[in-house]
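Below you'll find the structure, written out as structure tokens, and then a few comments.
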Amino acid sequence: MLWSKLFIPTLRETPAEADVVSHQLLLRAGYIRQLSTGIYSYLFLAQRSLLKIIGIVREEMDAIGAQEMLLPALNPAELWKESGRWEVMGDNMFRLKDRFHRDLCLGMTHEEVMTSIARGELRSYRQLPQIWYQIQTKFRDEPRPKSGLLRVRQFIMKDSYSFDVDPAGLDVSYDKHHRAYCRIFDRCGLDYMVVEAHSGAMGGSQSHEFMVVSDAGEDLVVRCANCGYAANLEKAVTAPAPPAAADPEGNLEPEEFHTPGRKTIAEVAAFTSLPESSQIKSLVMVADGKPALALLRGDHALSETKLQGVLGAAELRPAHPAEIGEWFGAEAGSLGPVGVMNMRILADRALDGRRNMICGANRDDYHLRNVTPGEDFRPEFHDLRQAAGGDSCVNCAAPVEALKTVEIGHIFKLGYKYSHSMGLNVLTEEGKEIPVIMGSYGIGIERILSAAMELFHDADGAALPVSIAPFEAVVTPVNKADATQWKVALDIYEACRSFGLDVLLDDRDERPGVKFKDADLIGIPYRVTVGKKAAGGKVEFLERRSSRVRDVDAGDAAAFVAESVRSSRHDR
RNA sequence: CGGGGCGUGGCUCAGCCUGGUUAGAGCGCCUGGUUCGGGACCAGGAGGUCGGUGGUUCAAAUCCACUCGCCCCGACCA
């Protein structure tokens with residue numbers, strides 16, 4: 001294509017509203033423009049790149065026998081009420097009414113629609129397994145869209161769904177997806193890791209996330225560099241550092257002491273001159289309307305995900321101050337488990353075996369010392385603690401690191417959640433009706449592009465992997481007015497086309513510096529520069545990512561580019 | 001939803017506190033010319049209801065109120 005005919009609105013300066021690199025580059029390089037908060041138009045370059053990503057996704061999904069469909073984004077409320085998610089999704093779901101005042105929503109994900117198709121058509125175990133997928137726009141009314149295309153309200157997702165007769169079948173479908181996802185992200189040229197994850201509102205038993213390490217990410221992942229253990233922070237199990245001070249010995253009785261104005265763990269630690277790890281942190285949570293007291297070591301954080309799992313609650317939130325006052329007769333900051341009879345008391349395992357600790361007295365401005373879990377109160381012990389960097393790996397005891405990551409894919413074993421709630425059953429060989437076991441699998445298409453830019457950029461702009469760059473190469477005549485240069489450039493451009501390359505000819509009447517800057521900014525992987533040396537039959541070949549330059553014969557340039565593109569496919 | 005910040009030509013910003021000629025700069029854009037290996041130079045030119053509404057005032061980009069939009073932090077989130 002001829003650059004002079006294209007709409008590639010690059011900006012010299014970084015737009016003020018962008019503060020993560022991928023967002024800045026997508027705007028500056030003319031890939032996208034914002035329409036509203038979390039809503040973006042994908043211009044020519046973005047669309048080319050996204051189509052390449054989609055092409056890779058499609059090939060690899062087809063390769064595992066998945067069948068592509070396209071489902072409606074506009075869904076009737078009834079379907080979502082059947083699964084219970086009309087309520088569960090809350091404000092995150094875009095809702096609207098039609099002219100007859102019927103409730104509709106815009107699809108956030110498609111378990112319901114897929115299940116509704118399956119239950120109408122799948123009747124026999126002989127029709128299973130099935131894997132169905134689509135590449136389609138999803139709508140989610142995020143509380144806080146941010147970071148360009150990383151967190152938006154409308155985005156393209158590849159979502160697939162597997163239907164199997166039994167758990168062993170689901171394992172096979174799950175594993176197929178796992179491997180297909182690895183191939184997809186490899187081909188997209190990304191550095192990523194696979195981590196154990198929590199299933200959240202999707203439901204189900206097991207799940208893995210595919211993560212790209214980036215400071216622009218919002219998910220925290222714990223990873224052990226030694227043995228390779230990796231898990232989302234909300235799910236990770238690690239061993240905490242031992243308490244900073246040994247517990248007092250002996251069978252001491254709880255004893256109230258005055259702590260005027262000391263509310264926080266840190267304040268009480270300073271006041272008592274004992275480390276935070278000598279305290280019991282008491283958090284009042286409300287699970288499906290019922291209160292529960294969660295206890296942790298003073299220096300530890302609660303994993304609401306884990307607590308929610310233990311309680312089996314659909315909804316979990318911190319208690320309001322008024323509720324705390326009613327249940328405890330004291331304010332948050334003076335709470336403790338001793339004498340609490342009106343709710344479940346759950347303690348993190350790090351408190352098991354500890355003795356003579358400090359906690360709130362359930363009386364404002366008073367705390368208790370010499371409180372021993374299991375004696376002075378009787379909690380249920382569970383793993384409730386949120387892992388943190390610096391903890392020890394439970395497999396190999398090496399210290400783990402916490403990393404910020406971008407989630408680009410997520411695979412779930414759904415189990416029977418939707419087949420039960422929506423009635424998806426088939427007949428077995430024996431003629432018995434059984435529910436179908438399902439899996440669900442997602443890839444965020446734009447996040448692949450954003451993550452690639454986060455991963456691969458320099459001061460001059462994006463340096464995208466060849467497989468997903470909008471163009472593979474650009475031919476740049478330094479001086480268009482020079483007849484020789486122009487002729488050589490044109491020949492190389494045509495030769496590239498004959499090799500089937502996605503090539504751009506920068507035929508703009510611009511100075512060379514402008515052309516170089518634009519090509520670098522956009523992130524075109526290879527550039528053939530046709531300059532003065534063209535008179536001697538030589539042109540310059542530049543690899544964007546490495547900045548490596550070499551002179552090649554003009555007649556060989558196209559073949560050289562083609563070979564570079566081909567070999568780049570095996571890079572990772 | 002809570003906290004903070006910002007809305008002035010396409011982009012980046014100044015002017016606002018302390019109201020007062022015709023609202024500015026750089027970049028970009030248009031015309032002509034000179035240039036041509038890392039965002040050229042000269043000359044001329046186009047382009048702005050200062051987010052919106054209402055108020056205060058002889059006078060509002062500037063002060064006040066409301067409102068809309070955007071960004072960041074938090075809450076939340078598959």
Assess whether one donor atom and one acceptor atom, taken from the side chain of [X] and the base of [N], lie less than 3.5 Å apart.
X: A/Asp520; N: B/G38; value: yes
X: A/Asp518; N: B/G39; value: yes
X: A/Glu540; N: B/G37; value: yes
X: A/Arg28; N: B/G39; value: yes
X: A/Arg12; N: B/G38; value: no

Of A/Arg12, A/Arg511, A/Arg508, which is the lone residue that meets salt bridge (Lys or Arg N to Asp or Glu O under 4.0 Å) with A/Asp518?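 That would be A/Arg508.
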Electrostatic pair A/Glu276:A/Lys281 at N-O distance under 4.0 angstrom: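 No salt bridge links A/Glu276 with A/Lys281.
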Rounded to the nearest Å, what distance is computed from the [atom1] atom of residue [X] to the [atom2] atom of nucleotide [N]?
X: A/Arg153; N: B/C76; atom1: CZ; atom2: C1'; answer: 15 Å
X: A/Glu142; N: B/G74; atom1: CD; atom2: P; answer: 15 Å
X: A/Met93; N: B/C76; atom1: CE; atom2: C1'; answer: 16 Å

Can you tell me the base-pairing partner of [N]? Count Watson-Crick or G-U wobble geometry only, both distances below 3.5 Å, and say none if there is no partner.
N: B/G37; result: none
N: B/U12; result: B/A25
N: B/U57; result: none
N: B/U18; result: none

NZ or CZ of A/Arg95 within 45° of A/Trp80 ring axis and under 6.0 Å: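 Verdict for A/Trp80: no cation-pi partner in A/Arg95.
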For the P atoms, the ones on B/U8 and on B/G55, what distance do you get once it is rounded to whole angstrom?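 It comes out at 24 Å once rounded to the nearest Å.
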Side-chain N or O of A/Thr37 versus OP1/OP2 of B/C71: is the shortest distance under 4.0 Å?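 The answer is yes; a side-chain N or O of A/Thr37 sits under 4.0 Å from OP1 or OP2.
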Listed nucleotide nearest any side-chain atom of [X], set [options]:
X: A/Glu304; options: B/C76, B/C36, B/G37; value: B/C76
X: A/Glu13; options: B/C71, B/C11, B/C76; value: B/C11
X: A/Lys532; options: B/G37, B/U35, B/C73; value: B/G37
X: A/Lys517; options: B/C70, B/C11, B/G39; value: B/G39
X: A/Leu542; options: B/A75, B/C36, B/G38; value: B/G38
X: A/Pro512; options: B/G39, B/C72, B/C36; value: B/C36
X: A/Pro143; options: B/C72, B/C71, B/C76; value: B/C76
X: A/Tyr40; options: B/C71, B/A75, B/U35; value: B/C71
X: A/Pro15; options: B/C72, B/C71, B/U12; value: B/U12
X: A/Lys146; options: B/C72, B/G38, B/C36; value: B/C72

Ring geometry between A/Phe412 and A/His410 (parallel below 30°, tilted from 30 to 60°, perpendicular above 60°):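 It falls in the parallel class, under 30°.
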To the nearest 0.5 Å, how far apart are CD in A/Glu472 and CG in A/Leu464?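 Nearest 0.5 Å value for the CD-CG distance: 12.5 Å.
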Name the nucleic acid region contacted by [X], choosing base, sugar-phosphate or nothing; use a 4.0 angstrom heavy-atom cut-off, strictly under.
X: A/Ser147; result: sugar-phosphate
X: A/Arg527; result: base
X: A/Thr529; result: base

Using modelled atom types only, decide if a donor and an acceptor are shared between the side chain of A/Arg545 and the backbone of A/Ala463 within a distance under 3.5 Å.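 Looks like yes, one N/O pair under 3.5 Å.
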On RNA chain B, compare the nucleotides closest to A/Leu11 and A/Gly38; which residue's is nearer the 5' end?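 Mapping each residue to its closest nucleotide by heavy atoms, the 5'-most match is A/Leu11.
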Between A/Ala16 and A/Thr10, who's closer to the 5' end of RNA chain B by nearest nucleotide?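 Taking each residue's closest nucleotide, the earlier one in sequence belongs to A/Ala16.
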Can you confirm if the aromatic rings of A/Tyr441 and A/Tyr161 lie within a centre distance of less than 6.0 Å?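 No, the ring centres sit 6.0 Å or more apart.
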